[in-house]
Amino acid sequence: MGACLDSPHPGLHPDVETMSRDALAALQLDRLRATLLDAWTHVPWQRARLEAAGLTPGALRSLDDLQRLPFTLKTDLRDHYPFGLFARPVESLARVHASSGTTGRPTVVGYTAGDLGRWADLVARSMYCAGVRPGDLVHNAYGYGLFTGGLGAHDGATRLGCPVVPISGGGTERQVALIMDFGARVLCATPSYALAIAEVAEQQGVDLRRSRLAIGLFGAEPWSAAMRQEIEQRLGLTAVDIYGLSEIMGPGVACECGCRQGLHGWEDHFLFETVDPDTGAPVAEGEAGELVITTLAKEALPMLRYRTRDITRLAHGRCDCGRTHVRILRIAGRSDDMLIIRGVNVYPSQIEAVLVGRPGLAPHYQLVVTRHGRLDHLRVEVEALPGVPVEGFAALAADAMHHIKSLIGVTAEIAVQAPGCVPRSQGKALRVRDLRPKEGRT
Ligand code: DLL
């Protein structure tokens, strides 16, 4: 059994994480029945559509019956804005979070005090799984506020017994100074912001590799293996992938352990499925599909078969660490972010994997998609490393173009730019600027 399960903190329950599949399935069925009953009783919209599908809470005989339940979409939450899908009256809740929503209404989610407690437990479990230990100082650069990252990581670290520096995102020079002065062992941030912190440190002549940072808990946006390597090398820490989404809870739905063979999805609290994003039919075991999640212990906002839009593969079978919970492999991207360039499907993270670490290029990029006549055009804006002469940009562009064509199969225009031209993020990076007319998008 791996070290990440040894002598756990008294608040954690390794017996749950190493449960036999049969015991886990029995627990899941009990909790699924309770969730269905709760949704049926307290959410009129859920009841109406379950009835329309000829289902009652008693209809669940086994976990296989999950597939008979209708999906829930992000638009369902928006259509019932703000609290229409809540199973508890808003005056009984402890907190509300919301996604900013680039278009239209935000997506609003709610938590009872019990939900907040279980969320903190799962983030603490995730952090422990990643190697964080009670007493480790946690520098939390996830944004505090309506975004679930800041407060979610904060409460989990507190639950684990870790002191927290609640710095939130932004003020990057100060982040660097406090990491060095306070001696944080753990950094929580989006991967793109972690890189921005590394860059500012380098500009200030500060070597973060000499800081006490040992573990980075990075998530909230897709990131490639190449980006992981880049961050580890520049920050001198072990970069761990943590996944979550506000509609289901927030950070801590799944997290990597020391084996780094996928993120353990906490199956005592959630059911995970992968489906074909076009048809909704289950995909074969191990095949890539859209992740669908059902909550098993949420009170304020029980979710039945939520379509996350995140594309991944599930790996079943015991991990080398001893945990039995399913592993969610690195998220390739969101189906919404998938570009179809002249018939070839491309995720921004595939382009990232080619660009990051390529000689002469910095790991800062944006994809710009336009339409020329009836054809889509992909322009990759990427920075040169500081010190590369402008005369060298054309050769760097030709090299990147060649590798993108041969590895991914798309023809892209590469615009190599001077350092600092691509905007830096303080949270989730904007990777794609899609300038195509809305109605014509594929
Ligand atoms: O991003 C929750 C979170 C905060 C997770 C901090 C991890 C760390 P939302 O703002 O609702 O919640 O965005 C959720 O972000 O559906 C994915 O598309 C993406 N995402 C989250 N974690 C990862 C990850 C938070 N590790 C959406 N890898 C999700 C790839 C991720 N994408």
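Ligands are counted one by one from 1 in listed order, and the atoms in each one are counted from 1 as well. Keep in mind that what you see is a predicted model, and the values were worked out from it rather than measured.
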Fill in: Tyr144 vs His154, ring-ring contact (aromatic ring centres under 6.0 Å, His included): CA-CA, chis, key distance, verdict
CA-CA 9 Å; Tyr144 280 65; His154 185 110; 5.7 Å; yes
Discussion item. I'd like to know if Asp115 and Arg88 make a salt bridge, using a cut-off of under 4.0 Å between side-chain N and carboxylate O.
Written reply: no
Worksheet entry | Residues Arg379 and His377: side-chain donor-acceptor under 3.5 angstrom | no
Worksheet item: Taking atom types as modelled, is there a side-chain donor on Tyr193 or Thr172 under 3.5 Å from an acceptor on the other?
Response: yes
Fill in: Polar contact flag, side-chain donor to acceptor under 3.5 angstrom, Glu290-Ser335
no
Under 3.5 Å, N/O to N/O: give me all the pairs between ligand 1 and the protein, one per line with atom names and distance.
residue	atom	partner	partner atom	Å
ligand 1	1 (O)	Lys428	NZ	2.9
ligand 1	10 (O)	Lys428	NZ	3.1
ligand 1	11 (O)	Ser246	N	2.9
ligand 1	11 (O)	Ser246	OG	2.7
ligand 1	13 (O)	Lys428	NZ	2.9
ligand 1	15 (O)	Ala220	O	3.3
ligand 1	15 (O)	Lys428	NZ	3.3
ligand 1	16 (O)	Asp310	OD1	3.4
ligand 1	16 (O)	Asp310	OD2	2.7
ligand 1	16 (O)	Arg334	NH1	3.1
ligand 1	18 (O)	Asp310	OD1	2.6
ligand 1	18 (O)	Arg334	NH1	3.1
ligand 1	22 (N)	Ala220	N	3.0
ligand 1	26 (N)	Asp241	OD1	2.7
ligand 1	26 (N)	Ile242	O	2.8
ligand 1	28 (N)	Glu221	O	3.4
ligand 1	32 (N)	Pro222	N	3.4

Worksheet item: Side chains of Thr72 and Arg49: do they bring a donor and an acceptor to under 3.5 Å?
Response: yes
